[in-house]
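Keep in mind the model is a prediction, meaning the values are calculated, not measured.
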Amino acid sequence: MFTYTFHWNQALKALPQMLDGALVTLQIAVLSMAIGLVCAIALTAFRLSGNRLLSAVAAVWVEIARNTPALFQIYMAHFGLGNFGIHLSPYAALLAGIAFNNAGYLAENFRGALKAIPETQTRTGRSLGMTPVQTFLFIVLPQMLRIGYLPATNQMIWAILMTSLGVTVGMNMDLAGVTQELNARSFRTFEFFAIAAVIYYLIAKFVTLAARALAWRLFRY
Amino acid sequence: MAATALGGTAQADKLDDIIGSGTLRCAVVLDFPPMGARDANNTPIGFDVDYCKDLAKALGVEAEIVETPFPERIPALMSGRVDVGVASTSDTLERAKTVGMTIPYFAFEMVVTANAGSGVTSFEGMKGKVVGATAGTYEAIALENQVKAWGSGSFRPYQTQADVFLALAQGQIDATVSTSTVAQANVKSGRFAGLSVVGSAPFDTDYVALFTNREEYGLINYLNLFINQQVRTGRYAELYEKWVGGAAPDLTVGSVYR
């Protein structure tokens with residue numbers, strides 16, 4: 001039934017263009033992860049703060065980020081905000097959508113990590129005369145990041161794959177966008193998609209290995 | 001080998017398969033009024049929908065409309081989900097390396113639609129602005145090349161025609177180039193405030209063809225004759241009047257065959 005002759009020769013000519021797109025993909029994933037991480041730490045601190053308003057903000061953020069599709073989060077960042085006259089470019093909307101999603105998931109990840117840190121750690125810090133903020137920053141946070149590190153690499157992979165949703169908001173610079181355009185021009189869908197899949201796989205694999213190497217450097221005694 | 005085993009009977013081709021199965025499955029884009037859309041009851045309507053029904057009637061089978069967004073036309077065909085694309089597909093030489101194109105069955109003129117707030121009043125006025133179009137369409141490819149040639153401004157491809165007009169209405173983009181039929185349908189719909197067609201785009205007429213698998217000569221022959229008959233019998237003009245209005249454009253190019 002599948003009658004299609006692969007034109008690898010023609011498709012591979014587009015490889016440099018696709019690799020340029022892959023760089024943009026990686027860039028968005030890394031930036032969204034950095035922003036997500038900062039937001040997630042803030043959200044976790046909000047939850048611990050005991051302030052009702054702040055913990056409500058954190059709870060709502062996590063609820064929305066975890067329980068709605070990433071596609072909608074990105075779409076809302078572009079067309080949703082656009083309704084109110086706030087214009088995010090496709091790049092910014094994609095970055096904002098993924099960072100929002102990352103923050104929600106990472107905050108949940110950190111909540112789990114917090115549970116693994118004995119209450120005595122906080123009490124020790126406080127009994128040494130540290131303020132609650134100091135205790136969180138110097139005693140709890142480093143342990144939390146350490147426990148949450150490997151699960152967080154999952155989120156990094158997910159961030160890379162989420163960039164492909166940018167095509168719905170007019171993103172044409174990342175790997176998925178470049179692939180779609182090449183496809184539209186020549187209709188060589190399967191070659192381009194196969195090449196893109198391999199590139200996504202390699203980026204994800206590279207990130208996993210890099211994260212593992214970094215973990216080995218960071219966490220050995 | 002299989003053919004020899006069947007005692008020299010030729011293997012059934014796609015044309016036979018369609019007639020044998022009793023159903024013609026057409027890939028139609030239903031986000032491209034007036035060529036394809038959905039009415040209030042969610043029933044597919046439009047020029048392409050009627051065209052597919054006419055084709056099914058000629059073949060003596062039932063028509064099945066398979067909604068297919070622009071970027072998914074080829075996967076739909078290659079995976080065997082549809083038999084024929086009746087999807088306003090520009091007959092570019094690049095694409096003809098992949099699928100079998102018929103003679104043109106429709107022709108589009110290109111126009112510029114702009115947001116009143118953008119100050120764009122002509123095609124040249126788009127220079128340096130943020131413009132967009134539906135990813136993968138003839139006009140999107142032409143417009144993106146033009147933006148590159150101008151060397152200023154930027155181009156955004158959206159997945160659907162509805163998204164393009166939504167982005168235009170919100171002011172995310174300043175102007176778009178689309179087929180005149182789509183532009184008029186959207187501006188008239190009243191769903192988008194502040195939009196108007198401000199002029200024509202100097203792109204060549206966009207001839208669109210039916211398509212099927214490249215090697216299905218029997219079916220392609222049939223489709224070509226069908227297109228010819230639609231014009232001959234006046235059905236093309238009738239459908240054009242019904243969905244677009246006015247005189248139907250010429251489907252032939254002077255001084256050359258096909």
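Looking at A/N183, only its side chain comes within 4.5 Å of chain B, counting heavy atoms on both sides. Only the side chain of A/Y75 comes within contact range of chain B, judged by heavy atoms closer than 4.5 Å. With a 4.5 Å cut-off on non-hydrogen atoms, A/H78 touches chain B through its backbone and its side chain both. Heavy-atom distances place no part of B/T134 under 4.5 Å from chain A, backbone and side chain included. B/V99 touches chain A through its side chain: at least one heavy atom from C-beta onward sits under 4.5 Å away, while N, CA, C and O do not. When heavy atoms are compared at a cutoff of 4.5 Å, A/L88 approaches chain B solely by way of its backbone atoms N, CA, C and O.
Listed options A/R185, A/E181, A/Q180 were ranked by heavy-atom pairs under 4.5 angstrom with chain B; first place goes to A/R185. Ranked by heavy-atom pairs under 4.5 Å with chain A, the first of B/G171, B/A167, B/G132 is B/G171.
For A/T168 against B/D163, the heavy-atom pair with the smallest separation is O-OD2, 3.9 Å. Heavy atoms only, all atoms of each residue included: B/L166 and A/F79 are closest at CD2-CD2, 3.5 Å. Closest approach of B/G136 and A/A184 over heavy atoms only: CA-CB, 2.9 Å.
Within a 6.0 Å radius of CE in A/M18, other residues, nucleotides and ligands contribute more than 12 heavy atoms. Within 6.0 Å of CD in B/E62 there are 12 or fewer heavy atoms belonging to other residues, nucleotides or ligands.
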What pairs of donor and acceptor atoms, side-chain ones from residues 193-217 of chain A against any protein atom, are under 3.5 angstrom apart with sequence neighbours left out?
residue: A/Y200; atom: OH; partner: A/A176; partner atom: N; Å: 3.3
residue: A/T208; atom: OG1; partner: A/A204; partner atom: O; Å: 2.7

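Residues of residues 149-159 of chain B lying under 4.5 angstrom from chain A, judged on non-hydrogen atoms, are B/F155, B/R156, B/P157, B/Y158, B/Q159 by number.
Using a 4.5 Å heavy-atom cutoff, the side chains of A/F187 and B/L77 are not in contact.
Between atom CD of residue B/Q170 and atom NE2 of residue A/H87 there is a gap of 6.0 Å, rounded to the nearest 0.5 Å.
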